[in-house]
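Some notes on the structure that comes next.
Basis for what follows: all heavy atoms, side chains included, without hydrogens, waters or symmetry-related copies.
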Amino acid sequence: MSKNIFILAVFVAFFSINSNAGDYRAYYHYMMGDKYYFEEDFESAITEYVKATVYDDSSQIRLKIAHCYLRAENPDAAISNIKKSIELDQE
């Protein structure tokens with residue numbers, strides 16, 4: 001089993017057991033997004049981060065999406081996600 005898959009399995013197991021940790025599906029998709037991000041597969045990372053927003057639409061996830069769009073050379077989509085992030089958390 002690869003190291004990335006093992007770490008992902010540990011996070012999923014922890015968050016599925018700990019009911020106070022939030023929706024584990026958001027963490028799963030967020031971690032998969034990070035996996036793709038570090039592999040520089042930005043389209044797949046964006047897809048996973050967007051799936052995470054279905055369960056937890058936080059400003060931090062929106063910033064990750066914006067960063068992926070910047071790396072994928074799509075500044076208009078990045079700006080849109082930054083604006084959404086500011087709407088969600090103005091601090």
Side-chain angles (χ1 to χ4, degrees):
M1 181 183 299
S2 75
K3 182 179 177 182
N4 289 340
I5 299 297
F6 176 74
I7 291 170
L8 182 61
V10 170
F11 276 106
V12 170
F14 173 77
F15 289 115
S16 65
I17 293 169
N18 186 354
S19 62
N20 293 329
D23 195 327
Y24 71 91
R25 294 170 293 190
Y27 291 104
Y28 172 79
H29 290 295
Y30 183 85
M31 294 301 296
M32 289 300 295
D34 277 351
K35 175 189 174 300
Y36 289 125
Y37 176 82
F38 289 116
E39 294 173 353
E40 296 188 4
D41 182 357
F42 301 116
E43 293 302 320
S44 296
I46 291 166
T47 300
E48 290 298 328
Y49 290 139
V50 168
K51 289 178 185 177
T53 64
V54 170
Y55 306 106
D56 179 17
D57 196 12
S58 71
S59 63
Q60 294 301 315
I61 297 173
R62 289 294 176 167
L63 288 175
K64 289 287 254 190
I65 295 169
H67 191 250
C68 286
Y69 276 123
L70 285 174
R71 296 286 307 265
E73 300 178 1
N74 188 343
D76 293 333
I79 290 169
S80 173
N81 277 280
I82 290 170
K83 287 179 181 178
K84 179 65 176 174
S85 175
I86 292 170
E87 288 175 13
L88 294 169
D89 185 7
Q90 296 182 2
E91 292 181 24

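The CG atom of Leu63 sits 13.0 Å away from atom NZ of Lys84, with the distance rounded to the nearest 0.5 Å. Rounding to the nearest 0.5 Å places CG of Asp89 at 9.0 Å from OG of Ser58. To the nearest 0.5 Å, the span separating CG on Asp41 from NZ on Lys35 amounts to 8.0 Å.
Formation of a donor-acceptor pair under 3.5 Å by the Asn81 side chain with backbone atoms of Ala77 is found in this model. No side-chain donor-acceptor contact under 3.5 Å links Ser59 to the backbone of Ser85.
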For this session: Could you walk me through whether Val50 and Ile61 pass side chain to side chain contact (heavy atoms under 4.5 Å, CB included), step by step?
Result: CA-CA 8 Å; Val50 168; Ile61 297 173; over 6 Å; no

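Tyr36 is listed as a side-chain neighbour of Glu48, based on a closest heavy-atom distance under 4.5 Å. Taking the side chain as every heavy atom from C-beta outward, Tyr30 and Lys51 never approach each other to under 4.5 Å.
Closest of all the heavy-atom pairs between Cys68 and Ala45 is SG-CB, 3.9 Å. Nearest heavy atom pair, residue Glu43 against residue Ala72, reads OE2-CB, 4.0 Å. Nearest heavy-atom pair, Leu70 versus Pro75, reported as atom, atom and distance to 0.1 Å: CD2-CA, 4.4 Å. When every heavy atom of Ala66 is checked against every heavy atom of Ile82, the shortest pair comes out as CB-CG1, 3.6 Å.
Taking the side chain to side chain donor-acceptor pair (under 3.5 Å) definition, one finds that Asp57 meets it with Arg62, sequence neighbours left out. With sequence neighbours excluded, the residues that form a side chain to side chain donor-acceptor pair (under 3.5 Å) with Tyr37 are His67, Arg71.
A continuous path of hydrophobic side-chain contacts links Ile65 to Phe38 [ILVMFWY only; heavy atoms under 4.5 Å].
A salt bridge does not link Glu87 to Lys83: none of the charged side-chain nitrogens sits closer than 4.0 Å to a carboxylate oxygen.
A donor and an acceptor atom, one from each side chain of Tyr49 and Asp34, are located under 3.5 Å apart.
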